[in-house]
**Q** 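Have a look at this one.
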Amino acid sequence: MYIKEISIDITTKANKNELIDALSLLLEFYRGNGQTQGRIETQYIEKNKMVCLPFTLEKNSLNKVHNNKYVNNQIEKLAASKIAIKTAGKSYADYVGPCTCKKSEFYILITNYISIDSPIICGSCNKSIPLYRLPQYYDFGYMPILAWEVNYQCCDRLQMNCEVGERWALNQMQEVKSQLSKQGVTICKKIEELTNIPTYYYLYNYKKNRKGDENRKCPCCQREWRLNTTLYNIYDFKCDQCRIISTISPNI
């Protein structure tokens, strides 16, 4: 990913606490509009500047063309502090950016406990779709999608830690009728409605006994959904009717 540097000048008359709050609010609005990735950005004060270093999927993710009204209003409030935005670098040298497909064949709603990528993946190239490329989902942004992302990642952390709430969290991730899955499926339906692009919900699959898992049916319609060829060496199941995509449980 790209690492952006957002800085504002601190004048002698400025209230530093108010500036910190104002800059933090700008970052929240960027996040809600899908322009930055992850939930925590490095922030620090150096001499007469306040600086933060958010991640973005594209070099131009923070360009004005992608801003919504909340971002623009907050930038206007910070105008007197001379806000400056530049690219500090890349998270790794060979990062090539998100999806560049003219039109995706389908989307996948997916994340995990360590991901700071977009939760929307292109089914044609298996790369991230910046949320700001989608039609605005709710209130000029994408907060319901990001709320699901946080919920999913919290469940994934619980099941990875294996100490507290593991079984409950696992069931939330792999049961199609769980609250988490219902929330995700609703989002998929709304994205498909907005974009006219089929949008699939990734259903996690982890079983201690893998026997017969290769032949399981779609959990929604009970029809055959096994793919002839594993997609991107990840996905083994895909139901075009129910818009569910999944994997064979790993050997353990």
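In this text the structure is predicted, and so the values were computed from the model without any measurement.
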**Q** Calculate, to the nearest 0.5 Å, the distance between atoms CG and CG belonging to L23 and L19 respectively.
**A** 8.0 Å
**Q** Does the side chain of N151 pick up a donor-acceptor pair with the side chain of Q183 at under 3.5 Å?
**A** yes
**Q** Using the ring-ring contact (aromatic ring centres under 6.0 Å, His included) rule, collect all pairs that involve residues 69-105, keeping only residues at least two apart or in two chains.
**A** Y2-Y95, F29-Y70, Y92-Y95
**Q** Once ring-ring contact (aromatic ring centres under 6.0 Å, His included) is applied, what residue pairs with a partner in residues 121-141 remain, sequence neighbours excluded?
**A** H66-Y132
**Q** Walk me through whether L109 and V185 qualify under side-chain contact (heavy atoms from CB on, under 4.5 Å).
**A** CA-CA 9 Å; L109 180 65; V185 168; over 6 Å; no
**Q** Determine whether M173 and W168 fall in the same hydrophobic cluster, where Ile, Leu, Val, Met, Phe, Trp and Tyr are linked whenever their side-chain heavy atoms lie under 4.5 Å apart.
**A** no
**Q** Kindly say whether E214 contributes a backbone atom to a donor-acceptor pair with the side chain of R226 at under 3.5 angstrom?
**A** yes
**Q** Side chains of Y30 and I75, heavy atoms from C-beta outward: is any pair under 4.5 Å?
**A** yes
**Q** Minimum heavy-atom separation for Y204 to L170, with atom names?
**A** CE2-CD1, 3.5 Å
**Q** Counting C-beta onward and ignoring hydrogens, is there a side-chain heavy-atom pair between C220 and C239 closer than 4.5 Å?
**A** no
**Q** Keeping to residues at least two apart or across chains, list the ring-ring contact (aromatic ring centres under 6.0 Å, His included) pairs with something in residues 101-120.
**A** F106-Y200
**Q** Checking Y142 now: which residues fulfil ring pair (Phe, Tyr, Trp, His ring centres under 6.0 Å) with it, not counting sequence neighbours?
**A** none
**Q** Please list all pairs passing the salt bridge (Lys or Arg N to Asp or Glu O under 4.0 Å) test where one or both residues lie in residues 46-55, with sequence neighbours left out.
**A** D9-K49
**Q** Suppose we screen for ring pair (Phe, Tyr, Trp, His ring centres under 6.0 Å). Which residues come up paired with Y232, at least two apart in sequence or across chains?
**A** none
**Q** Quick one: pull up CD in E28 and CG in L26 and give me the separation to the nearest 0.5 Å.
**A** 10.0 Å
**Q** So do Y202 and I234 actually touch side chain to side chain, heavy atoms under 4.5 Å?
**A** no
**Q** Heavy-atom count check: over 12 atoms from other residues, nucleotides or ligands less than 6.0 Å from R157 CZ?
**A** yes
**Q** Side-chain heavy atoms under 4.5 angstrom apart, residues restricted to Ile, Leu, Val, Met, Phe, Trp, Tyr: same cluster for L53 and I116?
**A** yes
**Q** Any idea which heavy atoms bring K16 and M50 closest together, and the distance?
**A** O-CE, 3.9 Å
**Q** Would you confirm whether E41, through its side chain, and F55, through its main-chain N or O, come within 3.5 Å as a donor-acceptor pair?
**A** no
**Q** Which heavy atom in K182 sits nearest to a heavy atom in K177, and how many Å separate them?
**A** CE-O, 3.1 Å
**Q** Measure across Q172 and S178 and return the closest heavy-atom pair with its distance rounded to 0.1 Å.
**A** O-OG, 2.6 Å
**Q** For a quick test of reading the model, state the closest non-hydrogen atom pair linking P98 to R133 and the distance between them.
**A** CG-NH2, 3.7 Å
**Q** How many angstroms lie between OG1 in T199 and OH in Y201, if you round to the nearest 0.5 Å?
**A** 13.5 Å
**Q** Nearest 0.5 Å, please: how far is CG in N161 from CG in D156?
**A** 9.5 Å
**Q** Could you tell me whether the side chain of S104 reaches within less than 4.5 Å of the side chain of C99, counting heavy atoms only?
**A** yes
**Q** Are K238 and E105 within salt-bridge range, i.e. N to O under 4.0 Å?
**A** no
**Q** Do you reckon I244 sits in the same ILVMFWY cluster as I248, going by side-chain contacts under 4.5 Å, direct or chained?
**A** yes
**Q** Is the shortest side-chain heavy-atom distance between E149 and P119 below 4.5 Å?
**A** yes
**Q** Looking only at atom types and distance, does a side-chain atom of T56 sit under 3.5 Å from a main-chain N or O of E58, one as donor and one as acceptor?
**A** yes
**Q** Roughly how far apart are T42 OG1 and E5 CD, rounded to 0.5 Å?
**A** 11.5 Å
**Q** With side chains defined as the heavy atoms from C-beta onward, is the minimum distance between K90 and I3 less than 4.5 Å?
**A** no
**Q** For residues S128 and L57, report the shortest heavy-atom separation together with the two atoms involved.
**A** CB-CD1, 4.1 Å
**Q** Before giving the answer on side-chain contact (heavy atoms from CB on, under 4.5 Å), spell out for L194 and Q136 the whole-Å C-alpha distance, their side-chain angles and the decisive distance to 0.1 Å.
**A** CA-CA 9 Å; L194 291 171; Q136 291 176 335; over 6 Å; no
**Q** Report yes or no: do N63 and Q35 form a side-chain donor-acceptor pair below 3.5 Å?
**A** no
**Q** Hey, does E175 have a side-chain heavy atom less than 4.5 Å from the side chain of L180?
**A** no
**Q** Treat each ILVMFWY residue as a node, draw an edge where side-chain heavy atoms are under 4.5 Å apart, and state whether I187 and V150 are in one component.
**A** no
**Q** If you apply the rule side-chain contact (heavy atoms from CB on, under 4.5 Å), what do you find for R216 with S246, and how did you get there?
**A** CA-CA 11 Å; R216 67 189 175 106; S246 191; 2.9 Å; yes
**Q** Flag the pair I121 / I129 as yes when at least one side-chain heavy-atom distance between them is below 4.5 Å, and no otherwise.
**A** no
**Q** For the side chain of Q222 and the backbone of K217, is there at least one donor-acceptor N/O pair under 3.5 Å apart?
**A** no
**Q** Within this structure, what is the CG-CG distance for the pair D213 and D236, rounded to the nearest 0.5 Å?
**A** 8.5 Å
**Q** Are W148 and V176 co-members of a hydrophobic cluster defined by side-chain heavy atoms under 4.5 Å apart?
**A** yes
**Q** Pair D117, M1 - check side-chain contact (heavy atoms from CB on, under 4.5 Å), show working.
**A** CA-CA 9 Å; D117 266 313; M1 290 190 188; 3.2 Å; yes
